[in-house]
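The structure under discussion appears below in the form of structure tokens.
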Amino acid sequence: MFCKTKTHTLFYHNNARTISSLKVVWRKDPTLDRAIEYDKRYKQCARVVKEVLNEPGQVIPLRYLEKRRERMRLKVKAETFINQNPGLFDVYYSRIKPKTEPVRFIRPSDRLHCFLQEEQQIFSKNEPFVVSKLCKLLMMSKNKFISADKLLHVKREFGFPNDFLVDLVPRYPQYFRLTGSPGEGKSFLELVDWNPEFAKSIIEKRAEEESERLGIRVRPNFNVELPPGFVLKKEMREWVRDWLELDYVSPYEDVSHLDQASREMEKRSVGVFHELISLSLHKRIPVPILGKFCDDYRFSNAFSTTFTRHSGIFYLSLKGGIETAVLREAYRGEELVDCDPLLRIKDKFVKLLEEGWRQRKEQLMLKQERIKDDMELLATKVGA
């Protein structure tokens with residue numbers, strides 16, 4: 001249950017020697033799995049809020065929301081969810097059509113509106129950071145453009161605002177050009193100008209900082225941190241050692257000349273995965289989402305084996321039945337080492353949720369106390 005073996009075929013490009021049947025063991029990492037589990041409730045609440053905010057007037061009949069439970073992956077009834085998360089929505093009565101009976105509607109609460117204003121302020125403050133992220137995604141791509149629909153699909157992974165294509169992108173014509181209409185499948189976001197300041201990976205920046213601190217040149221390379229109890233077999237250990245000795249290939253370099261099966265291309269692919277996950281909010285991305293960008297970033301069809309093959313760099317979580325690639329160096333235990341500034345939005349949303357949960361707990365305790373008092377009073381009257 002806790003481990004499985006996968007077989008990969010790896011290539012030594014320099015001497016044309018092929019290593020086949022190289023076994024790589026997958027081992028569960030409970031600590032990193034808990035980091036993923038912690039966010040489940042927050043993400044569920046965010047999905048429901050998004051559903052309501054996308055409605056005309058940001059209101060919806062409660063029974064309509066109930067019909068969308070499967071789409072929102074909501075395991076409880078909509079009414080139960082509203083009761084479990086007070087502070088998100090107000091419930092009121094109104095008519096769907098004139099002359100019909102009033103039914104229950106929900107709308108964002110005042111507290112949720114305050115959060116949405118704070119969210120906008122955080123986006124505005126960090127707009128240059130968001131722009132650089134978007135540029136980097138395009139700069140790493142094969143043709144320097146990506147489907148707008150794909151970018152919309154991953155906006156939450158990277159912390160982009162909901163309306164970034166229609167609001168943010170047009171305000172930076174020096175970087176972006178949007179063609180077509182998003183949502184039709186034929187719209188693309190193109191890179192207009194190459195900014196050298198953005199063409200430096202996290203690994204290259206780290207090497208520069210270490211070189212400056214130590215006073216000697218430090219080669220850019222990956223941090224390899226094997227999980228406790230994880231031991232590589234000799235053959236794999238030798239392959240990793242030799243592979244790490246190869247020069248680092250920046251994810252922003254032109255690699256059209258590289259053989260797709262070479263170790264250099266493998267190093268470049270790992271560099272792209274490392275950079276993509278580093279740019280994500282939580283330093284982890286579900287594998288199915290990465291799979292949407294195979295053509296854009298030259299990933300092979302079997303790209304997910306990279307995360308198992310390089311277990312000291314990544315962890316492939318199977319939590320919730322979804323493969324998720326996690327960047328090991330980004331975590332100390334269950335906590336992120338360096339938090340993305342846009343995660344302040346999540347912190348404020350979690351605070352809003354916790355206030356509601358605390359309010360609900362206090363109400364339940366008061367209700368139980370009243371029931372207890374009523375039972376004691378009844379017992380006194382019966383005894384008399």
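Everything quoted here is computed from the prediction, not taken from an experiment. All values below were derived from every heavy atom in this structure, side-chain atoms included, with hydrogens, water molecules and symmetry-related copies excluded.
Looking at heavy atoms from C-beta onward, Leu165 lies out of side-chain contact with Phe160 at the 4.5 angstrom threshold. The side-chain heavy atoms of His282 and Lys346, taken from C-beta on, include a pair separated by under 4.5 Å. Tyr64 is listed as a side-chain neighbour of Ile96, based on a closest heavy-atom distance under 4.5 Å. Contact of the Glu209 side chain with the Arg213 side chain is not registered, since no non-hydrogen atoms from C-beta on lie closer than 4.5 Å. The side-chain heavy atoms of Glu264 and Val255, taken from C-beta on, include no pair separated by under 4.5 Å. Between Glu157 and Lys155 there is no side-chain heavy-atom pair separated by less than 4.5 Å. Side-chain contact check for Phe314 versus Phe273: some heavy-atom pair is nearer than 4.5 Å. Considering only heavy atoms from C-beta on, Arg107 stays 4.5 Å or farther from Val52 through its side chain.
For the atom pair Glu253 CD and Met140 CE, the distance stands at 13.5 Å (nearest 0.5 Å). The distance from atom CD of Gln117 to atom CG of Leu112, rounded to the nearest 0.5 Å, is 10.5 Å. Atom-to-atom distance recorded for Ser317:OG and Glu323:CD is 9.5 Å, nearest 0.5 angstrom. Rounded to the nearest 0.5 angstrom, Phe188 CZ and Leu178 CG are separated by 11.0 Å. Atom CG of Leu189 and atom NZ of Lys144 lie 13.5 Å apart (nearest 0.5 Å). If you take CD on Gln174 and SG on Cys135, they are separated by 8.5 Å, rounding to the nearest 0.5 Å.
When all heavy atoms are compared, the tightest approach of Phe129 to Asp340 is CE2-OD1, 3.4 Å. Nearest heavy-atom pair, Gly333 versus Leu32, reported as atom, atom and distance to 0.1 Å: O-CD2, 4.0 Å. Across Ile203 and His274, no two heavy atoms sit closer than the pair CG1-CE1, 3.6 Å. Nearest heavy atoms, Glu210 versus Val218: OE1-CG1, 3.5 Å. Nearest heavy atom pair, residue Thr308 against residue Leu316, reads OG1-CD2, 3.7 Å. In plain terms, the two heavy atoms of Cys294 and Ser300 that are nearest each other are SG-O, 4.1 Å.
The residue from Lys319, Arg34, Arg284, Arg328 that alone fulfils the salt bridge (Lys or Arg N to Asp or Glu O under 4.0 Å) condition with Asp29 is Arg328. With Glu275 as the partner, the salt bridge (Lys or Arg N to Asp or Glu O under 4.0 Å) test is satisfied by one option alone out of Arg206, Lys136, Lys205: Lys136.
A side-chain donor-acceptor contact under 3.5 Å links Lys133 to the backbone of Leu279. One N or O on the side chain of Arg268 and one on the backbone of Pro251 form a donor-acceptor pair closer than 3.5 Å. With hydrogens and angles ignored, the 3.5 Å screen pairs a side-chain donor or acceptor of Ser124 with a backbone N or O of Gln120. Looking only at distances, no side-chain donor or acceptor of Asp338 sits under 3.5 Å from a matching main-chain atom of Ala330. In this structure, the side chain of Arg104 does not engage the main chain of Leu62 through any donor-acceptor pair within 3.5 Å. Within the 3.5 Å criterion, the main-chain N or O of Thr179 finds a donor-acceptor partner in the side chain of Ser187.
Ring centroids of His310 and Trp26 are separated by 6.0 Å or more, keeping the two rings apart.
For Glu55 and Arg68, the salt-bridge test passes: some basic side-chain N is under 4.0 Å from an acidic carboxylate O. With respect to Lys186 and Asp149, no salt bridge is recorded, no charged nitrogen being found less than 4.0 Å from a carboxylate O. Note on Asp247 versus Lys267: no salt bridge recorded, every NZ/NE/NH1/NH2 to OD/OE distance being 4.0 Å or above. Comment: Glu66 engages Arg69 in a salt bridge, judged by a side-chain N to carboxylate O separation of less than 4.0 angstrom. We find that Arg111 and Glu355 are joined by a salt bridge, their nearest charged nitrogen and carboxylate oxygen being less than 4.0 Å apart. Salt-bridge annotation for Lys351 and Asp347: absent, with no side-chain N of the basic residue lying under 4.0 Å from a carboxylate O of the acidic one. Between Arg263 and Glu266 there is no salt bridge, since no side-chain nitrogen of the basic residue lies less than 4.0 Å from a carboxylate oxygen of the acidic one.
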### Query
Step by step, would you call Arg241 with Glu238 a salt bridge (Lys or Arg N to Asp or Glu O under 4.0 Å)?
CA-CA 5 Å; Arg241 180 199 62 204; Glu238 291 175 351; 5.2 Å; no

Would you sort out whether Arg237 and Asp242 count as a salt bridge (Lys or Arg N to Asp or Glu O under 4.0 Å), showing the intermediate values? CA-CA 9 Å; Arg237 208 162 51 238; Asp242 294 343; over 6 Å; no

Would you please test Gln359 and Gln363 for side chain to side chain contact (heavy atoms under 4.5 Å, CB included) and show each step?
CA-CA 6 Å; Gln359 173 189 329; Gln363 289 174 345; 3.4 Å; yes

Side chain to side chain contact (heavy atoms under 4.5 Å, CB included) assessment of Lys43 paired with Lys40: CA-CA 5 Å; Lys43 287 186 175 181; Lys40 282 179 66 176; 6.0 Å; no

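More than 12 heavy-atom neighbours from other residues, nucleotides or ligands sit within 6.0 angstrom of CG on Asn54. For Arg171, the CZ atom is densely surrounded, since the number of other residues' heavy atoms within 6.0 Å is greater than 12.
Pairs engaging residues 99-125 under the ring-ring contact (aromatic ring centres under 6.0 Å, His included) rule: Tyr92-Phe105, Phe115-Phe349 [sequence neighbours left out].
A continuous path of hydrophobic side-chain contacts links Met72 to Val76 [ILVMFWY only; heavy atoms under 4.5 Å]. Using a 4.5 Å cut-off between side-chain heavy atoms of Ile, Leu, Val, Met, Phe, Trp and Tyr, with links allowed through other members, Leu226 and Val337 fall into different hydrophobic clusters. By the criterion of side-chain heavy atoms lying less than 4.5 angstrom apart, applied directly or through intervening Ile, Leu, Val, Met, Phe, Trp or Tyr residues, Ile36 is grouped together with Leu318 in one hydrophobic cluster. By the rule that hydrophobic residues join a cluster once side-chain heavy atoms approach within less than 4.5 Å of another member, Ile146 and Trp194 end up as members of one cluster. No single ILVMFWY cluster, assembled from side-chain heavy atoms under 4.5 Å apart, contains both Leu138 and Val192.
In this structure, Lys200 is not positioned above the aromatic face of Tyr252 in the sense of NZ or CZ being under 6.0 Å from the six-membered ring centre and within 45° of the axis. Lys283 forms no cation-pi arrangement with Tyr331, by the criterion of a distance under 6.0 Å to the ring centre and an angle within 45° of the ring axis.
Classified by interplanar angle (parallel below 30°, tilted 30° to 60°, perpendicular above 60°), the ring pair Phe293/Tyr297 is tilted. A tilted orientation is assigned to the rings of Phe198 and Tyr175, their planes being inclined by 30° to 60°.
Glu204 and Ser201 are linked by a side-chain donor-acceptor pair at a separation below 3.5 angstrom, with hydrogens and angles left out of the test. A side-chain donor-acceptor contact under 3.5 Å links Asp254 and Ser256.
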Return all side-chain donor-acceptor pairs below 3.5 angstrom for residues 81-91, not counting sequence neighbours, or 'none' if the list is empty.
| residue | atom | partner | partner atom | Å |
| --- | --- | --- | --- | --- |
| Asn83 | ND2 | Glu79 | O | 3.3 |
| Asn85 | OD1 | Trp357 | NE1 | 2.8 |
| Asn85 | ND2 | Phe81 | O | 3.0 |

